[in-house]
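The block underneath contains the structure these notes are about, expressed in C-alpha cells.
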Amino acid sequence: MKSLKQILSEKAYTRCESKSFPGFVSPMLATLTDDYFDDEDWIYERKLDGVRTLITLKDGVATLWSRNEKQLSNSYPEIKEAFENAKLPNLIIDGEIVAFEGNVTSFSKLQNRMQISDPEKAQNTGVKVSIYIFDILYYDSYDLTELSLLNRKKVLREVMPFDDPIRYTSHRKKDGIEFHKEACKKGWEGIIAKDSQATYVHSRSKKWLKFKCSKGQELVIGGFTEPEGERVGFGAMLVGYYEEDALHYAGKVGTGFDDAFLQKWRKKFDAISRKTSPFENFDEDNQGKNHWITPKYVGEFGFTEWTNSNKLRHPRFLGMRKDKAAKEVTKEEPT
DNA sequence: TTCCGACAGTGGGGTCGCAAT
DNA sequence: ATTGCGACCCCACTATCGGAA
C-alpha cells in the first residue's frame, strides 16, 4: 500500500496557505437511479439515513456544515469536540451524522436533536450520534479532490483516527446488485454506488449513484387539496387504507402527476365530492383547505417508509389501479 | 434532430424557534 | 400561554430551456 507521502508526491499539489484554506466547500451529491449494476470499477457503500455533514478543521477549530452551508456545530457538540481533540492538521472531510435505532440508522430519532441550536440542550436529548466518514477533500492543506476515490479513501484510512463518535464508512467492491438486495432485506435506506476512479466534484454527479430501497402499495383516495401558484387541477391527494371497515388517513401525496392528469382527475373528483371526511382518524384542524370525495378510487404509491405517526415518507403517485376495490386496500406489513 | 443537465416550481413528513395572537 | 408559520433536515417529481451529442 502506498504511503501518504507517495500518494501526495504523485501530483504536484499546491498546498494552500492557512489563510486561504476554504471555509466551506459544496459536497458531491449522488444521482438517483433504478438501473442497478455490478461493475468492478465501482465500489458500494451503505446509504445512511442521517444528515450530510462536511467538517472543516482549521488551526484546531472544527466547524460542521450542512450541505447548504448552514452551521451544524451547535447541534452536535460532541462531534465537534472529537475532531478538535484528535490533534489533526487542517483538513476537510465528508460524512453523514446518524442516530441508531437498533442496527438501523433512524432519521426520525435524529430529528429530535438536529434542529436544536443550543449545544447543551442538544446533548441532553439523550440521542447518541455518530459520524460516518466516507471522503477526505483536504489534508494538511493539500487539495485531494483531484485524486481518485480509492486514493482518497487510502489517505482517509491512514490519517484519521476512528474512535467513537468518528467512524469509517466501509465499502464493498463489485456485486452492487446483490448488495442492494441485502441492504433492502436489512431495512437499510439503500446503497451508494461510486466510481472508484472518480475525482471529487462540488455538485451533483453521476459518478455517485443512489440505489434506494423503495416501498410501494395501493391506497384509497379520500380527498384532495386546492392547487397553489401555477399548479393546475389539484395540489395533493389525501390517501388512506382500510382497517376493520374504517378508512385510516395515511397522509398526502403531491407529486408524480403531470398537468393533463391533474386536470382530468380534478373533474372526476369533483363529480363524487362529499361534505365530510371519509377518514375515521382525520384531525380536523385545517378542514377548510381540504376537499372530500367518496373513497372509491385506488392508486399505487411509492414511498420510503412509514413515519412514527403512521404517514408516508417521501410519497409519490405511481398510477391509478382500476382492478382493485377500495375496501380491499389494507396496510401491507413487511413479512 | 434528439437527448441531457440544470434550474425553478410544486408537492410531501417532521422538528425547532420565533413572531403573532 | 398558545398557535401559526418559516426555515431547516430529509426528499420526489414535472416542466422548461439551452447546449451537447
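Note that this is a predicted model, so its numbers are computed, not measured. In what follows, chains carry the letters A, B, and so on, assigned in the order in which the sequence lines appear, proteins first and then strands, with residues in each chain numbered from 1.
Comparing A/Q111 and A/D259 by the nucleotide of DNA chain C whose heavy atom lies nearest to each, the residue mapping closer to the 5' end is A/Q111. Toward the 5' end of DNA chain B, the nearer of the two residues A/G235 and A/D118, judged by each one's closest nucleotide, is A/G235. In terms of position along DNA chain C, the nucleotide closest to A/H314 lies nearer the 5' end than the nucleotide closest to the other residue of the pair A/H314 and A/F257. Residue order along DNA chain B, read from the 5' end via each residue's closest nucleotide, puts A/F107 first among A/F107 and A/R113.
Taking only side-chain atoms of A/K206, from C-beta outward, the nucleotide of C/dC9, B/dG14, B/dG5 with the closest atom is B/dG5. Considering only the side chain of A/S117, B/dG17 comes nearest among C/dC11, B/dG11, B/dG17. Counting only heavy atoms from C-beta on, A/Q115 has its side chain closest to C/dC9 among B/dG11, C/dA12, C/dC9. You'll find that the side chain of A/T255 is closest to C/dA12, out of B/dG17, C/dA12, C/dC11. Here C/dC9 is the nucleotide among B/dG11, C/dC9, C/dC13 with the atom lying nearest to any side-chain atom of A/N68. Side-chain proximity of A/T307 to the nucleotides B/dG13, C/dC8, B/dG17 is greatest for B/dG13.
Distances shorter than 4.0 Å separate some side-chain N or O of A/K47 from OP1 or OP2 on C/dC11. Considering only side-chain N and O atoms, A/K311 lies nowhere under 4.0 angstrom from the phosphate OP1 or OP2 of B/dG12. In terms of phosphate contacts, A/R67 brings a side-chain nitrogen or oxygen within less than 4.0 Å of OP1 or OP2 of C/dC10. Within the 4.0 Å cut-off from OP1 or OP2 of C/dC13, at least one side-chain nitrogen or oxygen of A/R316 is found. At the phosphate of B/dC16, neither OP1 nor OP2 sits under 4.0 Å from any side-chain N or O atom of A/K121.
Looking at heavy-atom distances under 4.0 Å, A/G302 makes no contact with the nucleic acid at all. In this structure, A/S203 reaches neither bases nor backbone, as no heavy-atom distance under 4.0 Å exists between it and the strands shown.
A distance below 6.0 Å separates the ring centres of A/F257 and A/F234. The aromatic ring centroids of A/F301 and A/F317 lie less than 6.0 Å from each other.
As a whole-Å value, the separation of A/R204 CZ from C/dA12 C1' is 11 Å. Following rounding to the nearest Å, A/E300 (CD) and C/dC13 (P) show an atom-to-atom distance of 13 Å. At whole-Å resolution of the value, CG in A/L32 and C1' in B/dG5 are 15 Å apart. Atom P of nucleotide B/dC16 and atom CD1 of A/I116 are separated by 6 Å, given to the nearest angstrom. The nearest whole Å value for the distance from the CD atom in A/E305 to the P atom in C/dA12 is 12 Å. Atom-to-atom, CG of A/L72 to C1' of B/dC16 comes out at 14 Å; the value is rounded to the nearest Å. Atom CD in A/Q71 sits about 20 Å away from atom P in B/dC16, given to the nearest Å. Following rounding to the nearest Å, A/L48 (CG) and C/dC10 (P) show an atom-to-atom distance of 13 Å.
Both distances falling under 3.5 Å, in either a Watson-Crick or a G-U wobble arrangement, place B/dA6 opposite C/dT16.
Side-chain atoms of A/T33 and A/D35 form no donor-acceptor pair, as typed in the model, at a separation below 3.5 Å. For the residue pair A/R231 / A/T225, no side-chain donor-acceptor distance below 3.5 Å is found, with atom types taken as modelled.
Using a cutoff of 4.0 Å between basic side-chain nitrogens and carboxylate oxygens, A/E189 and A/K212 are scored as salt-bridged.
Residue A/Y76 forms a side-chain contact (heavy atoms from CB on, under 4.5 Å) with just one option from A/T53, A/L110, A/I55, and that option is A/L110.
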